[in-house]
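What follows is a single structure, written as structure tokens, with notes after it.
Because the structure is a prediction, the values reported are computed rather than measured. For this chain, numbers begin at 1 and follow the sequence in order. As a basis for the values below, the full set of heavy atoms in this structure was taken, side chains included, without hydrogen atoms, waters or symmetry mates.
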Amino acid sequence: MKKRYAVIAGAAALALTITGCGRAETPTGQGSAAGNPVNTGAAASGTLEVWAMGAEGDELKAVTDKFMTANPGVKVNVTSIPWSSAHDKFVSAAAANVLPDVAQVGTTWVAELAQQIDPTPSNFDTTKFLEGAQKTTVVNGTSLGVPWYVETRVVYYNKAVAAKAGVTADPKTWDEFFAMVKAMKEKGGAKYGISMLPGGEGSWQTVLPLMWSAGGKINTDDAKTWTFDDPKNVEGLKFYQDFFSQGLANKAPVGDTLVADFASGKVPMFISGPWMMSGVETTGKMKKDDYGVFAMPTKVSGASFIGGSNLAVFKSTKNRDTAWKLVDYLTQSQTQVEWFKTIGDLPSVKTALADPAVTGDAKFAVFAEQLKTAYAPPSVATWEQVAKQFDSTVEKVTRTGADPDASLKALQQQATSVGMG
């Protein structure tokens, strides 16, 4: 969900392969229950308070200024919030009933804020969005807000180090992947074969796809019970631990040196989203042909994390029709294409993904294919709390060598005591 680098240079063949992709771990519908329709014919007017995070918050004003030009009766005030404090700010604002009219909402926060979010109007076209992204808005069968942008994670690798290590083909399986990471260190001369601790994000975003790949689940299909202690989940966590226990990944990296270490070959592999292409090419000064990407390796299946952010209108708004007009404007195809050019967010709208501006880089075909097997955590109100405990568990497993089986059993007890909201 968190944006770090601003402009991505294109996305090859994405729209042709991406439709119908991405799945929630707990199967859920598109949201048959819908909110009251909005008056699409009324002139937009009044003042809107809008919150957005990180780079999106910094850049959004330029877009809302265009909306105001097209709707001269409207005033939009954008507040940019750091990702590090955003969740707590939303929780506090909800408790005090001082939420904005419209806001960017992390996909894993929707269930937690469900009581405050206005259900998506019945006359708002949700079929234009990627299926997997639309599912992140659904709580108990009702769509709350709409997808704004999407992303998933794949593996980046430094081609020069790979050549030195004798790697000639992208790995497909866990065994091939582990062998490549080992070769990057032992033959390629890297200090560590891979970075497995994503900067600024929870480790669960890397571990959970490995659990899914092993055939595991962290909750039952009815989203009523946690299942962290599933033996298949243990297998996924043990595979993650092996990179650290065998010295292939750094247990305690210091500072944000991911891009520099990748470009220099010190740590020639990492797992991340499409935004990192810009970081590698601008901050890392690497050419497009200097690095490659490949899909997450397969055990029982291939799996990755589907993320991004949604747009929500809050029930407390005094200007509902205009608020939804802004959301509609931000999710129009051309607006999404322009937003992609500005900040590098992959559009959530299928037609925007077909635009030539988004189809210029073959690496994005890998992201498109990965989205077909991308999953989201369960849409439950307690996820943020459980995710923190999940991260603490992963830290003990990687830093102290704690037993994955016992650790997940302990996490199961903790998560069960928290419940699912």
Side-chain angles (χ1 to χ4, degrees), residues 1-2 24-27 84 87-88 91 106-112 153 174 177-178 181 194-253 271 296-297 299-301 303-307 375-421:
M1 298 183 298
K2 306 174 185 178
E25 177 173 344
T26 302
S84 59
H87 178 262
D88 290 344
V91 172
T107 56
T108 59
W109 303 353
V110 176
E112 189 174 5
R153 317 297 164 86
W174 277 16
F177 178 56
F178 198 86
V181 173
I194 190 170
S195 172
M196 295 290 271
L197 292 173
E201 298 173 347
S203 296
W204 66 263
Q205 294 186 16
T206 300
V207 176
L208 196 45
L210 297 177
M211 292 178 172
W212 289 329
S213 179
K217 287 185 175 182
I218 63 169
N219 60 277
T220 54
D221 288 347
D222 60 8
K224 293 183 178 180
T225 305
W226 295 109
T227 58
F228 281 102
D229 56 351
D230 183 331
K232 295 176 182 177
N233 290 335
V234 175
E235 186 176 3
L237 182 55
K238 177 63 169 63
F239 182 64
Y240 182 79
Q241 183 188 48
D242 287 345
F243 290 95
F244 297 91
S245 62
Q246 295 195 30
L248 301 177
N250 189 356
K251 295 180 180 180
I271 299 170
M296 292 289 288
K299 182 65 174 178
V300 174
S301 64
S304 190
F305 171 78
I306 185 170
Y375 297 78
S379 293
V380 296
T382 58
W383 172 249
E384 288 293 323
Q385 185 177 351
V386 171
K388 290 180 182 179
Q389 295 176 336
F390 194 175
D391 273 341
S392 295
T393 298
V394 172
E395 184 175 8
K396 292 176 183 177
V397 167
T398 56
R399 293 198 178 193
T400 70
D403 177 60
D405 187 14
S407 297
L408 287 179
K409 286 178 179 176
L411 175 60
Q412 175 67 19
Q413 292 180 343
Q414 294 172 331
T416 299
S417 67
V418 171
M420 304 190 84

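Annotation for Thr206 and Pro209: closest pair O-CD, 3.3 Å, computed over non-hydrogen atoms. Lys251 approaches Arg399 most closely through the heavy-atom pair O-NE, 3.3 Å. Listed here is the closest heavy atom pair of Ala381 and Gly421: CB-CA, 4.4 Å. Scanning both residues, Ala214 and Gly236, for their nearest heavy atoms gives CB-N, 4.3 Å.
Taking CD of Gln205 as the start and OG of Ser304 as the end, the distance is 9.5 Å to the nearest 0.5 Å. Between atom CG of residue Leu210 and atom CZ of residue Phe239 there is a gap of 6.5 Å, rounded to the nearest 0.5 Å. Note that CD1 of Ile306 and CZ of Arg153 are 10.5 Å apart. Values are rounded to the nearest 0.5 Å. Between the OG1 atom in Thr382 and the CD atom in Gln389 there is a gap of 9.0 Å [rounded to 0.5 Å]. The OG atom of Ser407 sits 13.0 Å away from atom CG of Asn233, with the distance rounded to the nearest 0.5 Å. Note: Gln246 CD to Gln241 CD = 10.0 Å, rounded to the nearest 0.5 Å.
Within the structure, the salt bridge (Lys or Arg N to Asp or Glu O under 4.0 Å) test picks out the following pairs touching residues 229-241 (sequence neighbours left out): Glu235-Lys299, Lys238-Asp242.
Asp405 pairs by the salt bridge (charged side-chain N to carboxylate O under 4.0 Å, His left out) definition with Lys409, not counting sequence neighbours. For Ser417, the side chain to side chain contact (heavy atoms under 4.5 Å, CB included) criterion is met by no residue, not counting sequence neighbours. With sequence neighbours left out, Gln412 forms a side chain to side chain donor-acceptor pair (under 3.5 Å) with Thr416. Residues passing the side chain to side chain donor-acceptor pair (under 3.5 Å) test with Ser213 are Trp174, sequence neighbours excluded. Ala387 is linked by a side chain to side chain contact (heavy atoms under 4.5 Å, CB included) to Trp204, Trp383, counting only residues two or more places apart in sequence or in another chain.
One N or O on the side chain of Thr227 and one on the backbone of Lys217 form a donor-acceptor pair closer than 3.5 Å.
Under the side chain to side chain contact (heavy atoms under 4.5 Å, CB included) rule, Ser203 has a single partner from Leu197, Val397, Leu208, Thr398, which is Leu197.
Using a 4.5 Å heavy-atom threshold, the side chains of Phe390 and Val207 count as touching. Side-chain contact check for Glu384 versus Val91: every heavy-atom pair is 4.5 Å or farther apart. A 4.5 Å side-chain heavy-atom check between Trp226 and Pro378 finds at least one atom pair inside the cut-off.
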### Message
Using side chain to side chain contact (heavy atoms under 4.5 Å, CB included), reason through Ile271 and Met296 one step at a time and then give a plain yes or no.
### Response
CA-CA 8 Å; Ile271 299 170; Met296 292 289 288; 3.9 Å; yes

### Query
Which is it for Met211 and Leu408 under the side chain to side chain contact (heavy atoms under 4.5 Å, CB included) test, yes or no, and what are the steps along the way?
CA-CA 12 Å; Met211 292 178 172; Leu408 287 179; 4.0 Å; yes

### Message
Go through it in stages, so that I can follow the logic: the residues are Val386 and Phe228, the test is side chain to side chain contact (heavy atoms under 4.5 Å, CB included), and I'd like the CA-CA distance, side-chain angles, deciding distance and then a yes or no.
### Response
CA-CA 11 Å; Val386 171; Phe228 281 102; 3.7 Å; yes

